[in-house]
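Below is one structure; the comments refer to it alone.
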Amino acid sequence: MIALVDCNNFYASCERVFNPAIRNKPVVVLSNNDGCVIARSAESKALGIKMGEPYFMLKEQVKQHGIEVFSSNYTLYGDMSNRVMKTLAEFTPNLEVYSIDESFLDLGHFYSKDLQQYAWEIKNTVFDWTGIPVGIGVAKTKTLAKIANRLAKKSNKANGVLVLQEPEHVKAALERTEVDDIWGIGRQHARFLRNNNITTAYDLTLQNDSWVKKHLTIVGLRLVKELRGEPCLELEEVSSPKKNICTSRSFGSPVKNLCSLEEATALYASKCAYKLRQQGSCASAITVFITTNTFANTKQYYNSRTIQVPTPVNSDLHLIQYASIALKSIYVEGYIYKKCGVIVSDLAPENTMQLSLFDGADTGKHRDLMKTLDNLNGKYGKSMVKSAAQGKKDASWLLKSEQLSPCYTTKLNDVIVARL
DNA sequence: TCTGGGGTCCTAGGACCC
DNA sequence: TCTGGGGTCCTAGGACCC
């Protein structure tokens, strides 16, 4: 049996743990740049606030209902996530951390225990140890566990924990689940299924395998088998290294000049370089893209450029150099830019790197330099030491984060300031 | 005025090989 | 009218996830 443990309204719950004054108030957390709503407490959902709603369209409601608004604080959420996952690891030797707020737990070894009771023990312990409320669904496959989890949260009777084991319970759950709500069925496939009179998960399990494969590909067929109780998706306990890494942001205020774009590109290139080093990879291709604001009624421009490099790299300085060349080749004056980003691809492990015969990249020197840089920044705070190309920390193009909460769990200084 | 930022996998079609 | 039979690799685009 597999359990899916999912944190309720995760970002909003994180804000509440350290701020008791907002525990019974409606809370929303905004996307980067304070753009739109990405997390809502139960009270905010009840007010009808939608996922992805632009914040500027919400200001009246915020005032009217006293909604507590927060910029997203990924330092805090990442640390809280670690605490939750560590707690979950106490309950099983086999666990897959699926996202920042979800984990699959293999409960196969506990068949003799009462699963319902065990799930409750997990739920209560996570809350006691971290302050984060979770929902738990238990079933024979990952896809069914997802369905159980969803119903666990919806049903008053289940109250956050649902075990689907008996065939009649599984069938009832499938009949209560619309195709749109199945994990792995997105908008397009849901519309297609509805057009074919398949409206519930149960309907889908009755379809013929070859028809499913023809229209929903092999991915859809696996999904249908999982719904029927046949496991097709393994628990992935070790996360495999990323094949692409991207860092991109919208600007806090519109950008026209090349100089600001260069600073932003340098910053994102160095973030990509850091992520590469963290997973022990080097990149052979570096892409830079820039775009105007697609929502605005102004002249639009989008372009990107990919540079293949002779020797794979993961040094800030190399990445920044290549990214700058790419940027200059696509920059056109006269547009108002909203966003840019850096993508690194063709990744290879750094210890099996193929060196170029004609390239004097000084790989060893850069490796030592980056190790020192990472050590210093790890000890004294990120961007303590950085390339001058990244510009100053008060640049106007930087993200808007006007309602940021303190990093309660990772920065002592933040907490002291907050208390004062 | 103001609309996020990451990822993965699959398929079809083209170019190429013998 | 008829015009082989395998393959591989790459890319773009589409679908999905959080």
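From a predicted model like this one, the values you see are computed outputs, not experimental measurements. Below, chain A is the first sequence line, B the second, and so on; all start at residue 1.
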With a non-hydrogen cut-off below 4.0 angstrom, is [X] in contact with a base, only sugar-phosphate, or nothing?
X         : answer
Tyr55(A)  : nothing
Ile218(A) : sugar-phosphate
Arg191(A) : nothing
Thr294(A) : nothing
Lys271(A) : nothing
Asn33(A)  : nothing
Lys275(A) : sugar-phosphate
Leu30(A)  : nothing

Using atom types as modelled and distance alone, determine if a side-chain donor or acceptor of [X] lies under 3.5 Å from a backbone N or O of [Y].
X         : Y         : value
Asp106(A) : Gly108(A) : yes
Asn73(A)  : Ser405(A) : yes
Ser401(A) : Leu404(A) : no
Glu226(A) : Leu233(A) : yes
Glu230(A) : Lys225(A) : no

Whole Å only: how far is the [atom1] atom of [X] from the [atom2] atom of [N]?
X         : N      : atom1 : atom2 : value
Asn32(A)  : dC2(B) : CG    : C1'   : 15 Å
Tyr77(A)  : dG5(B) : OH    : C1'   : 15 Å
Glu402(A) : dG4(B) : CD    : P     : 15 Å
Lys59(A)  : dT3(B) : NZ    : C1'   : 12 Å
Tyr268(A) : dG5(B) : OH    : P     : 8 Å
Asp34(A)  : dG4(B) : CG    : P     : 11 Å
Asn297(A) : dC2(B) : CG    : C1'   : 15 Å
Leu399(A) : dG4(B) : CG    : P     : 11 Å

### Task
Look at the side-chain N and O atoms of Asn244(A) and state whether any lies under 4.0 Å from the OP1 or OP2 oxygen of dT8(B).
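Yes, Asn244(A) has a side-chain N/O under 4.0 Å of OP1/OP2 on dT8(B).
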### Query
Does Lys339(A) have a side-chain nitrogen or oxygen under 4.0 Å from the phosphate oxygens OP1 or OP2 of dG5(B)?
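The answer is yes; a side-chain N or O of Lys339(A) sits under 4.0 Å from OP1 or OP2.
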### Query
Within 45 degrees of the axis of the six-membered ring of Phe251(A) and under 6.0 Å from its centre: does Lys338(A) put its NZ or CZ there?
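Here Lys338(A) fails the 6.0 Å and 45° test against Phe251(A).
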### Task
Quick one: which residue pairs count as a salt bridge (Lys or Arg N to Asp or Glu O under 4.0 Å) with a foot in residues 130-154 of chain A, not counting sequence neighbours?
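Passing the test, one end in residues 130-154 of chain A: Asp6(A)-Lys153(A), Glu96(A)-Lys142(A), Glu102(A)-Lys146(A), Arg150(A)-Asp181(A).
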### Residue whose nearest DNA chain B nucleotide is more 5′ - Thr247(A) or Phe56(A)
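Whichever sits nearer the 5' end wins; that is Phe56(A).
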### Message
Go nucleotide by nucleotide along DNA chain B from the 5' end; which of Arg249(A) and Lys400(A) gets its closest nucleotide reached first?
### Response
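Nearest nucleotide further toward 5': that of Lys400(A).
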## Note on the structure
Once base and sugar-phosphate atoms are separated, protein heavy atoms under 4.0 Å mark nucleotides 9-18 of chain C, 5' to 3', with B, S and - as ------SSSS
### Query
In the structure shown, which nucleotide is the Watson-Crick or G-U wobble counterpart of dC18(B), with both distances under 3.5 Å?
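The answer is dG5(C), by the H-bond criterion.
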### Which nucleotide in dG5(B), dG7(B), dT8(B) has an atom nearest any side-chain atom of Lys243(A)
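Looking only at side-chain atoms, Lys243(A) lies closest to dT8(B).
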### Message
Looking only at the side chain of Ser250(A) (C-beta and beyond, no hydrogens), which of the listed nucleotides dG4(B), dC2(B), dG7(B) gets closest?
### Response
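Between dG4(B), dC2(B), dG7(B), the one nearest the side chain of Ser250(A) would be dG4(B).
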### Message
Taking the ring centre of each residue, are Trp120(A) and Phe127(A) less than 6.0 Å apart?
### Response
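Ring centres of Phe127(A) and Trp120(A) not closer than 6.0 Å.
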